[in-house]
Amino acid sequence: MTTFASGTDTLTRDALTVLQPGFTGTTAPDWLLRRLGEGLASVGLFGRNIASPEQLAALTAQLRAERDDVLVAIDEEGGDVTRLEVRAGSSYPGNHALGAVDDPELTREVAHDLGRRLAACGVNLNWAPSADVNSNPDNPVIGVRSFGADPALVARHTAAYVTGLQAAGVAACTKHFPGHGDTATDSHHALPRIDVGPRELAERELEPFRAAIAAGTRAVMSAHILVPALDPDLPATLSRRILTGLLREELGYDGLIVTDGMEMQAISATYGIERGSVLAIAAGADAICVGGGLADDDTVRRLRDALVTAVRTGELAEERLAEAAARVRTLATWTTAEAPRGATPGGRVSDVGLRAARRALRITAADATPFTPLTEPPYVAALTPVANIAVGDETPWGVAAELLRLLPGTGTGSFSGDDAGRDALEAAGPRRVVAVVRDEHRHPWMASALDTLLAARPDTVVVEMGIPQAPPRGALHIATHGAARVCGRAAAEIIAGAEQA
């Protein structure tokens, strides 16, 4: 077992134990290894830390050489939010596509396959699934990360995802409690507010979390949102009424409670990460997620010292911090016991993600005339919105790469703003246009660009890779319900009339 550095007292070890920090680079820095020796129990990984499955396995082995029961966490939702395949696009279509298929066994199979890949690389805690009910179609941060807008559908697929992931030995972290779906604000930038009554919250937002708890989710992530019906003063992450009163006492949850990233503006701009972390632990959180933006030893030291000082001044009960640290260790014990034996990264690649993406397609033709697949290389005009922080702008999306493979010579360009339609027409020249959009209903400039394209070129094919809220239009309209690489491949197969292998 891990031997802690001498001189590290119990209080300091507990303060380190509840932190889930990140770091930069593809190998563990010396400061991180030193903190693991002093009591740090968790590490969060992001796209910047991953170059290949083999490199990731070597990295996690490096961490475990310092502490054999370390929790290695990742934000790997599949679909639009991927860290394993941040530079290529995900092999899994994401929640909204799975919800569109509405086959819980398929969702369980996808989550299990994803969990198997994570476990083979040494990752044992996944900050997923999103159990948010996307009831607000203008939501700028959840969208296709949700299984859908129906609470019962979201509940059954959340449970299936948790079951599949944890059967592979990877702990699920169901998020974002008590539900981030009915917001028009991204909590990365500001504090969202949900103004609905207790009954609607219970029947809509909370139903998927009840299902996740019943399915045995090992962790739950709190949301940085204000829900006045539950607590008029504090966001959920800092609210004892919500984390302890609702989640623990009313819903009967006894697993790990993890905060969303504390450097997000909803917390850091109002409370600061040090005070926010103290308030979160006092409210009932057990682990502090930080490291998406702040990823250095100074951040760990600041949060450790803030927690220790809060205990010594009486602001935070020592028993509460000890309880939180104990829950972290309990989860670490579970992951150690459930870790697969003999799994290696880069093994057999399953096709379950592609099969799911194909089943998720919704295809609408302009009239009764059957669509004739393209035989000549088209021009792909990607009408590109600004990516939210959770998705990031590193991950490629669209159908151009897959169409280029099927129809060599395919051209492509990215367009945005008021002149996007005219610019796309000029760039396309005489070639057939394939217009790729993402949440057309949320972006007036995008709808206007499509108007321009379709007025000039009625044979334009439209591929919607976000929420298909706007009416279908184009000679052919394909809704993929997500922008993962496999979603693009499934759409390209239809456009080019490719045989499905």
Side-chain angles (χ1 to χ4, degrees), residues 80 89 137-138 140 143-144 357 360-387 391 393 396-485 487-498:
D80 289 29
D138 291 328
V144 295
L361 294 185
R362 296 294 179 267
I363 302 166
T364 307
D367 51 40
T369 305
F371 174 74
T372 302
L374 277 58
T375 56
E376 298 295 324
Y379 187 83
V380 178
L383 305 182
T384 307
V386 176
V391 173
D393 56 11
W397 69 285
V399 301
E402 293 297 334
L403 276 176
L404 179 61
R405 181 176 61 84
L406 297 173
L407 297 171
T410 294
T412 187
S414 178
F415 305 92
S416 61
D418 293 340
D419 295 326
R422 290 189 294 274
D423 292 345
L425 282 172
E426 182 178 350
R431 287 172 289 183
R432 183 80 173 266
V433 176
V434 176
V436 186
V437 299
R438 206 166 177 172
D439 293 338
E440 180 201 341
H441 67 282
R442 291 202 304 112
H443 304 286
W445 68 264
M446 194 180 292
S448 177
L450 273 186
D451 290 342
T452 300
L453 283 170
L454 291 167
R457 305 287 288 277
D459 63 350
T460 293
V461 174
V462 178
V463 182
E464 168 62 87
M465 304 195 82
I467 301 286
Q469 189 79 12
R473 50 183 174 153
L476 185 73
H477 185 277
I478 303 174
T480 62
H481 301 92
R485 174 171 49 83
C487 297
R489 176 172 172 179
E493 289 173 344
I494 298 299
I495 295 169

Could you tell me whether a side-chain N or O of T412 sits under 3.5 Å from a main-chain N or O of V380, the two making a donor and an acceptor? yes

Check P373 against I494 and note the closest heavy-atom contact, atom names and distance.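 Shortest heavy-atom contact: CB-O, 4.3 Å.
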
Can you tell me how far apart CD1 (I495) and CG (L403) are? Round to the nearest 0.5 Å.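 Answer for the CD1-CG pair, I495 versus L403, is 5.0 Å.
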
Can you tell me if D419 has over 12 outside heavy atoms packed within less than 6.0 Å of its CG? yes

Point-to-point distance, once rounded to the nearest 0.5 Å, from OG1 of T452 to CZ of R457: 13.0 Å

Minimal non-hydrogen separation, L406 against A492, with atom names: CD1-O, 3.6 Å

In residues 476-483, what donor-acceptor pairs under 3.5 Å come from side-chain atoms, sequence neighbours left out?
unit_1 : atom_1 : unit_2 : atom_2 : d
T480   : OG1    : E464   : O      : 3.3
T480   : OG1    : G482   : N      : 3.4
T480   : OG1    : G482   : O      : 2.6
H481   : ND1    : A360   : O      : 3.0

For residues A484 and M465, report the shortest heavy-atom separation together with the two atoms involved. O-CE, 4.4 Å

With rounding to the nearest 0.5 angstrom, report the CG to CD distance, L383 to E440.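 CD of E440 is found 9.0 Å from CG of L383.
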
Roughly how far, to the nearest 0.5 Å, is CZ of R485 from CD of E402? 7.0 Å

Measure the OG-CZ distance between S448 and R422 for me, rounded to the nearest 0.5 Å. 7.5 Å

Heavy-atom pair of closest approach, residues W397 and T384: CZ2-OG1, 3.8 Å

Return the minimal non-hydrogen interatomic distance between T410 and A400, and the atom names on each side.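 Closest heavy-atom pair between T410 and A400: CG2-O, 4.4 Å.
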
So, for A420 and A449, which heavy atoms are closest and what is the spacing to 0.1 Å?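 Closest approach of A420 to A449: CB-CB, 3.9 Å.
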
Find the distance between CG (L450) and OG1 (T460) and round it off to the nearest 0.5 Å.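 So the CG of L450 and the OG1 of T460 are separated by 8.5 Å.
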
If you define the side chain from C-beta out and look only at heavy atoms, does anything of F371 sit under 4.5 Å from I363? no

Name every donor-acceptor pair, under 3.5 Å, that has one atom in a side chain of residues 425-435 and the other anywhere in the protein, sequence neighbours excluded.
unit_1 : atom_1 : unit_2 : atom_2 : d
R431   : NE     : A428   : O      : 3.3
R431   : NH2    : A427   : O      : 3.4
R432   : NE     : D459   : O      : 2.6
R432   : NE     : D459   : OD2    : 3.4
R432   : NH2    : D459   : O      : 3.0

So, does Y379 use its side chain to make a donor-acceptor pair with the main chain of A424 at under 3.5 Å?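 Such a contact is absent between Y379 side chain and A424 backbone.
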
